[in-house]
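Letters go in sequence order (proteins before strands), and every chain restarts at 1.
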There are 2 protein chains.
Amino acid sequence: MNLTVLLHDTRTRLLESAILQFAAKGFDGAGIREIAKGAKANSALVTYHFCGKEGLYLEALKAIFTRKVSPVAALASIPPAGSPGAREAALQGLQDYIRAFITELMSCDGTDPIDEAAMVLMAREMQAPRKASAPLLLEHLAPYVTHLTACLQVLRPDLDEEALFNMGVSIQGQIIHFRNSLGIIRLLRGSPDYPQDLEKLIQHYTDFSLRGLGVPEAFPQPRP
Amino acid sequence: MNLTVLLHDTRTRLLESAILQFAAKGFDGAGIREIAKGAKANSALVTYHFCGKEGLYLEALKAIFTRKVSPVAALASIPPAGSPGAREAALQGLQDYIRAFITELMSCDGTDPIDEAAMVLMAREMQAPRKASAPLLLEHLAPYVTHLTACLQVLRPDLDEEALFNMGVSIQGQIIHFRNSLGIIRLLRGSPDYPQDLEKLIQHYTDFSLRGLGVPEAFPQPRP
DNA sequence: CGAGCTTAATCGATCGATTGAATTCGTCAA
DNA sequence: TTGACGAATTCAATCGATCGATTAAGCTCG
């Protein structure tokens, strides 16, 4: 019995190694032999446990989504529009949402390489989803959109449905782009450890989003 | 002499086919045989003209950047801060920038498949740049950042340098994310032809950005 | 003719998948 | 507790296919 391998069973080790390899080299660039080597397992086990490379990829995606995305979606629902305190609740809900989103996306400060790889893989999949994984993506992203739209609806009841949708895309877009393009952003900024202050970052995205949405409370004093 | 091939020489045809194939299948997924077939050429020409697959990829990227990115960067420079009319010029410059950015990014309505593929390839490269192409990326993106930062500096002289940088990332981020994730966004929205009205989209991103930046003119009337 | 370009053919390497034997594991009879 | 049996798991070895790169001969012009 191998001691270094006792913590996880072979299937789990294959999944974790797959996340690392797929994130680093893409679906075509990563080979099942190297994935198996990273899991200290035999490459034939990919077919045995996952019905081949494609099945392993899908299972790896599923594992990532249930681990990273689902927790954030479990935010408290806001009161329905029109009820007393709905506006304050929606405002707070939107702020919590942005905070949870950024925190979750940035919760991989080198401590867990698998977390970091999971973000890369998720980002790639959102940008150019494989045909087989599009349903998986939609299923796990829908709760986000629902919650966000509900908040926006309360805060800007005057907007039509398309305008609200655009607002949601803008708010999510800034944050996702920040996470996805962190490599380029750090190059452009010239400092590899940006952002140093996560709290300041959350404050920026909250303020920018609330102002962009058109919430008066977030707007600075008008000039004289 | 082949008639169907007279329009471009072999090198150019290989480049265009490479853009299509690399965008569709990624660097590892695309094969030089298929690229050559798409260009009605022999696969050995990849080595002859571009010193191998990697060289072809870099040349394809270079062709994309000089075609899509550089033109947008050629925007009129704004007057220096403090000079009369600087604020109005900066405001207009920012609006022009957003318009030019979106227009260029969306200027591939199925008319030119190479344009569409170029966007996919550029997006992928921004998200996960290959080691060899990072310098190319920085070189072509720097003018954008310079122009945008100059506008922001004039419009919000009270902000420090890091805050201005965050503003720029947010403004660019929404738009880039919109273009990169258009596939998922259309799925979430449920309409494959979104956005129908490009002008309305430009208006949204302009308004959202100006409000997010904290420009009073863009803010709606405060509630009673 | 000679330089630039293009071709078919082939190289060794690596790919994902499969095979059949070897090993480990849970379970139940003795 | 022990031994044995069937199922589940893991293994080394190998399959055909495809990869990028190379070679040497053929072609096209100035």
Exercise. B:A123: what forms a side-chain contact (heavy atoms from CB on, under 4.5 Å) with it, not counting sequence neighbours?
Worked result: A:Q127, B:N180

Seminar exercise, completed: Contacts of A:T12 meeting side-chain contact (heavy atoms from CB on, under 4.5 Å) (sequence neighbours excluded), chain-then-number -> A:H8, A:D9, A:E16

For this session: Taking side-chain hydrogen bond (donor to acceptor under 3.5 Å, both in side chains) as the test, write out the residues that go with B:N42, two or more places apart.
Result: none

Problem set entry | Sequence-distant partners of B:L138, side-chain contact (heavy atoms from CB on, under 4.5 Å), two or more places apart | A:L187, A:L188

Exercise. In residues 53-61 of chain A, what residues come within less than 4.0 Å of DNA chain C, judged by heavy atoms?
Worked result: A:K53

Seminar exercise, completed: For residues 118-142 of chain A, the salt bridge (charged side-chain N to carboxylate O under 4.0 Å, His left out) pairs (sequence neighbours left out) are A:E54-A:R130

For this session: Provide the full list of salt bridge (charged side-chain N to carboxylate O under 4.0 Å, His left out) pairs with a residue in residues 187-196 of chain B, sequence neighbours left out, each pair given once.
Result: A:E161-B:R189

Exercise. Which residues within residues 18-27 of chain B lie with some heavy atom under 4.0 Å of an atom in DNA chain D?
Worked result: none

Problem set entry | Listed partners of B:R11 passing salt bridge (Lys or Arg N to Asp or Glu O under 4.0 Å), at least two apart | B:E59

With the criterion being N/O to N/O and under 3.5 Å, what pairs connect the protein with nucleotides 6-9 of chain D, and how long is each?
from	atom 1	to	atom 2	distance (Å)
D:dT9	OP2	A:Y48	OH	2.9

Distances for protein N or O near nucleotides 9-12 of chain C N or O, under 3.5 Å:
none

Exercise. Are B:Y205 and B:F101 close enough that their ring centres sit under 6.0 Å apart?
Worked result: no

Solution key, residues 26-38 of chain B side-chain donor-acceptor pairs under 3.5 Å, sequence neighbours excluded:
from	atom 1	to	atom 2	distance (Å)
B:E34	OE1	B:K25	NZ	3.2
B:E34	OE2	B:K25	NZ	2.7

